Amino acid sequence: MNKETNRKGIMVAMGILLIANIILLAFFLFNSSGSKKPDRKSPMTTYLQNEIGFTKEQMTEFDSVKADHRNQVKDLFDKMRVNKEEIFKELGSKGFSDSAITDAATYSAMQQKELELSMLKHLKIIRDICTPEQKAKFDTGFYKIMSRGRDPQINHKQ
(Lines give C-alpha, C1' and ligand atoms only; values in the text may rest on other atoms or scores of the structure.)
Protein backbone atom coordinates (compact mmCIF):
# COMPACT_ATOMS: atom_id res chain seq x y z
CA MET A 1 0.00 0.00 0.00
CA ASN A 2 2.89 2.35 0.78
CA LYS A 3 4.35 1.80 -2.70
CA GLU A 4 0.98 2.61 -4.26
CA THR A 5 0.68 5.80 -2.18
CA ASN A 6 4.19 6.84 -3.18
CA ARG A 7 3.43 6.09 -6.83
CA LYS A 8 0.25 8.17 -6.70
CA GLY A 9 2.15 11.03 -5.09
CA ILE A 10 4.85 10.91 -7.73
CA MET A 11 2.30 10.84 -10.55
CA VAL A 12 0.42 13.81 -9.07
CA ALA A 13 3.69 15.72 -8.64
CA MET A 14 4.72 14.93 -12.24
CA GLY A 15 1.39 16.11 -13.58
CA ILE A 16 1.48 19.32 -11.54
CA LEU A 17 5.07 20.05 -12.57
CA LEU A 18 4.33 19.44 -16.23
CA ILE A 19 1.32 21.75 -16.13
CA ALA A 20 3.34 24.36 -14.22
CA ASN A 21 6.07 24.20 -16.87
CA ILE A 22 3.55 24.75 -19.64
CA ILE A 23 1.99 27.69 -17.80
CA LEU A 24 5.43 29.20 -17.12
CA LEU A 25 6.40 28.81 -20.78
CA ALA A 26 3.18 30.55 -21.81
CA PHE A 27 3.82 33.36 -19.34
CA PHE A 28 7.30 34.01 -20.71
CA LEU A 29 6.26 33.74 -24.35
CA PHE A 30 3.30 36.07 -24.13
CA ASN A 31 4.20 38.40 -21.27
CA SER A 32 7.70 39.24 -22.45
CA SER A 33 6.54 40.19 -25.96
CA GLY A 34 4.08 42.73 -24.59
CA SER A 35 6.57 44.40 -22.28
CA LYS A 36 9.32 44.88 -24.86
CA LYS A 37 10.12 48.29 -26.22
CA PRO A 38 9.16 48.58 -29.90
CA ASP A 39 12.77 49.08 -31.08
CA ARG A 40 14.25 46.26 -29.03
CA LYS A 41 15.18 43.20 -31.10
CA SER A 42 14.76 39.61 -30.03
CA PRO A 43 17.94 37.54 -29.60
CA MET A 44 16.98 35.46 -32.65
CA THR A 45 16.50 38.58 -34.78
CA THR A 46 19.88 39.93 -33.69
CA TYR A 47 21.51 36.55 -34.30
CA LEU A 48 20.05 36.22 -37.80
CA GLN A 49 21.13 39.73 -38.75
CA ASN A 50 24.56 39.85 -37.13
CA GLU A 51 25.78 36.26 -37.11
CA ILE A 52 24.00 34.68 -40.07
CA GLY A 53 23.90 37.79 -42.26
CA PHE A 54 20.22 37.85 -43.19
CA THR A 55 19.32 40.42 -45.84
CA LYS A 56 16.36 42.79 -45.51
CA GLU A 57 14.32 40.44 -47.68
CA GLN A 58 15.19 37.47 -45.52
CA MET A 59 14.34 39.45 -42.37
CA THR A 60 10.96 40.38 -43.86
CA GLU A 61 10.28 36.70 -44.53
CA PHE A 62 11.50 35.81 -41.02
CA ASP A 63 9.18 38.42 -39.47
CA SER A 64 6.24 36.87 -41.32
CA VAL A 65 7.23 33.35 -40.23
CA LYS A 66 7.71 34.56 -36.67
CA ALA A 67 4.23 36.15 -36.60
CA ASP A 68 2.66 32.97 -37.98
CA HIS A 69 4.47 30.87 -35.38
CA ARG A 70 3.42 33.19 -32.56
CA ASN A 71 -0.22 32.83 -33.63
CA GLN A 72 0.11 29.04 -33.87
CA VAL A 73 1.64 28.81 -30.39
CA LYS A 74 -1.03 31.14 -29.00
CA ASP A 75 -3.69 28.84 -30.46
CA LEU A 76 -2.01 25.83 -28.83
CA PHE A 77 -1.96 27.57 -25.44
CA ASP A 78 -5.59 28.62 -25.81
CA LYS A 79 -6.52 25.00 -26.58
CA MET A 80 -4.56 23.78 -23.56
CA ARG A 81 -6.16 26.36 -21.29
CA VAL A 82 -9.66 25.29 -22.35
CA ASN A 83 -8.92 21.59 -21.86
CA LYS A 84 -6.98 22.00 -18.60
CA GLU A 85 -10.07 22.76 -16.55
CA GLU A 86 -11.82 19.66 -17.91
CA ILE A 87 -8.79 17.51 -17.09
CA PHE A 88 -8.74 18.84 -13.52
CA LYS A 89 -12.47 18.26 -13.11
CA GLU A 90 -12.04 14.71 -14.36
CA LEU A 91 -9.20 14.13 -11.88
CA GLY A 92 -11.42 15.27 -9.03
CA SER A 93 -14.48 13.34 -10.16
CA LYS A 94 -12.42 10.16 -10.42
CA GLY A 95 -10.92 10.70 -6.97
CA PHE A 96 -7.38 11.11 -8.32
CA SER A 97 -7.33 7.46 -9.30
CA ASP A 98 -4.19 6.08 -10.89
CA SER A 99 -5.87 5.93 -14.29
CA ALA A 100 -7.11 9.54 -14.03
CA ILE A 101 -3.64 10.72 -13.04
CA THR A 102 -2.09 8.75 -15.89
CA ASP A 103 -4.64 10.19 -18.33
CA ALA A 104 -3.92 13.75 -17.14
CA ALA A 105 -0.17 13.23 -17.40
CA THR A 106 -0.54 11.67 -20.85
CA TYR A 107 -2.62 14.61 -22.03
CA SER A 108 -0.09 17.09 -20.66
CA ALA A 109 2.77 15.20 -22.29
CA MET A 110 0.95 15.21 -25.66
CA GLN A 111 0.44 18.97 -25.38
CA GLN A 112 4.10 19.49 -24.50
CA LYS A 113 5.09 17.35 -27.49
CA GLU A 114 2.88 19.45 -29.75
CA LEU A 115 4.60 22.63 -28.49
CA GLU A 116 8.06 21.14 -28.98
CA LEU A 117 7.22 19.97 -32.49
CA SER A 118 5.91 23.42 -33.32
CA MET A 119 9.12 25.06 -32.10
CA LEU A 120 11.37 22.63 -33.96
CA LYS A 121 9.38 23.00 -37.19
CA HIS A 122 9.63 26.78 -36.74
CA LEU A 123 13.43 26.47 -36.53
CA LYS A 124 13.41 24.38 -39.70
CA ILE A 125 11.40 27.05 -41.51
CA ILE A 126 13.87 29.71 -40.36
CA ARG A 127 16.72 27.50 -41.60
CA ASP A 128 14.97 27.13 -44.95
CA ILE A 129 15.16 30.93 -45.38
CA CYS A 130 18.97 30.68 -45.21
CA THR A 131 21.24 30.46 -48.23
CA PRO A 132 23.45 27.33 -48.37
CA GLU A 133 26.35 29.27 -46.81
CA GLN A 134 24.09 30.64 -44.08
CA LYS A 135 22.71 27.16 -43.31
CA ALA A 136 26.16 25.99 -42.24
CA LYS A 137 26.42 28.92 -39.80
CA PHE A 138 22.86 28.42 -38.59
CA ASP A 139 23.36 24.68 -38.00
CA THR A 140 26.42 25.27 -35.82
CA GLY A 141 25.12 28.21 -33.82
CA PHE A 142 21.33 28.36 -33.41
CA TYR A 143 21.41 26.31 -30.21
CA LYS A 144 23.42 29.07 -28.52
CA ILE A 145 20.49 31.44 -28.98
CA MET A 146 18.02 28.81 -27.82
CA SER A 147 19.95 28.19 -24.61
CA ARG A 148 20.60 31.83 -23.63
CA GLY A 149 19.36 32.72 -20.21
CA ARG A 150 19.99 29.22 -18.91
CA ASP A 151 22.82 28.00 -16.72
CA PRO A 152 26.08 29.06 -18.43
CA GLN A 153 27.80 25.92 -17.11
CA ILE A 154 25.47 23.79 -19.22
CA ASN A 155 26.22 25.83 -22.36
CA HIS A 156 30.00 25.42 -21.95
CA LYS A 157 29.95 21.65 -21.43
CA GLN A 158 29.24 20.95 -25.09
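In this chain, numbering begins with 1 at the start of the sequence shown. As the structure is a prediction and not an experimental result, all values here were calculated from the model.
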Pair Glu86-Leu91, side-chain contact (heavy atoms from CB on, under 4.5 Å): steps then yes or no: CA-CA 9 Å; Glu86 292 303 316; Leu91 267 173; over 6 Å; no
Answer yes or no: is there a side-chain heavy-atom contact under 4.5 Å between Asp68 and Ser64? yes
So how far is it from Leu76 CG to Gln112 CD, rounded to the nearest 0.5 Å? 10.5 Å
Rounding to 0.5 Å, atoms CZ (Phe62) and SG (Cys130) come to a distance of 10.5 Å
If we only count heavy atoms from C-beta on, is the Gln58 to Ile52 side-chain gap below 4.5 Å? no
Quick one: does Phe54's side chain get under 4.5 Å of Glu61's, heavy atoms only? no
If every non-hydrogen atom of Tyr107 is compared with every non-hydrogen atom of Lys79, which pair is closest and at what distance? OH-O, 4.1 Å
Residues that Phe142 engages under ring pair (Phe, Tyr, Trp, His ring centres under 6.0 Å), provided they are two or more places apart: Phe138
For a 4.5 angstrom cut-off between non-hydrogen side-chain atoms, does Thr55 reach Met59? no
Is a side-chain donor or acceptor of Gln134 paired with a backbone partner of Thr131 at a separation under 3.5 angstrom? yes
Joint cluster assignment, Leu117 & Val73, ILVMFWY side-chain distance < 4.5 Å: no
Supply the atom-to-atom distance Asp98 CG to Asp103 CG, rounded to the nearest 0.5 angstrom. 10.5 Å
Thr102 versus Ser99, side-chain donor and acceptor atoms under 3.5 Å: no
Distance, nearest 0.5 Å, that separates OG1 of Thr46 from CE of Met44: 10.5 Å
Just do the side-chain contact (heavy atoms from CB on, under 4.5 Å) check on Arg81 and Asp78 with the steps written out, would you? CA-CA 5 Å; Arg81 208 174 357 262; Asp78 289 345; 2.5 Å; yes
Rounded to the nearest 0.5 Å, what's the gap from CG on Asp63 to CG on Leu48? Could you check? 9.5 Å
Look at the side-chain heavy atoms of Ile, Leu, Val, Met, Phe, Trp and Tyr, link any pair under 4.5 Å apart, and say whether Ile126 and Leu120 land in one connected group. yes
Any idea which heavy atoms bring Glu51 and Lys137 closest together, and the distance? O-CD, 3.6 Å
To the nearest 0.5 Å, tell me how far Asp128 CG sits from Lys124 NZ. 4.0 Å
Decide yes or no for Glu114 and Met110: does some side-chain heavy atom of the first lie under 4.5 Å from some side-chain heavy atom of the second? no
Please indicate whether Lys135 has more than 12 foreign heavy atoms, meaning atoms of other residues, nucleotides or ligands, lying under 6.0 Å from its NZ. yes
I would like to know whether His69 and Ile125 meet side-chain contact (heavy atoms from CB on, under 4.5 Å); could you show each step before the answer? CA-CA 10 Å; His69 178 69; Ile125 292 169; over 6 Å; no
Side chains of Lys66 and Ser42 in contact at under 4.5 Å (non-hydrogen atoms): yes
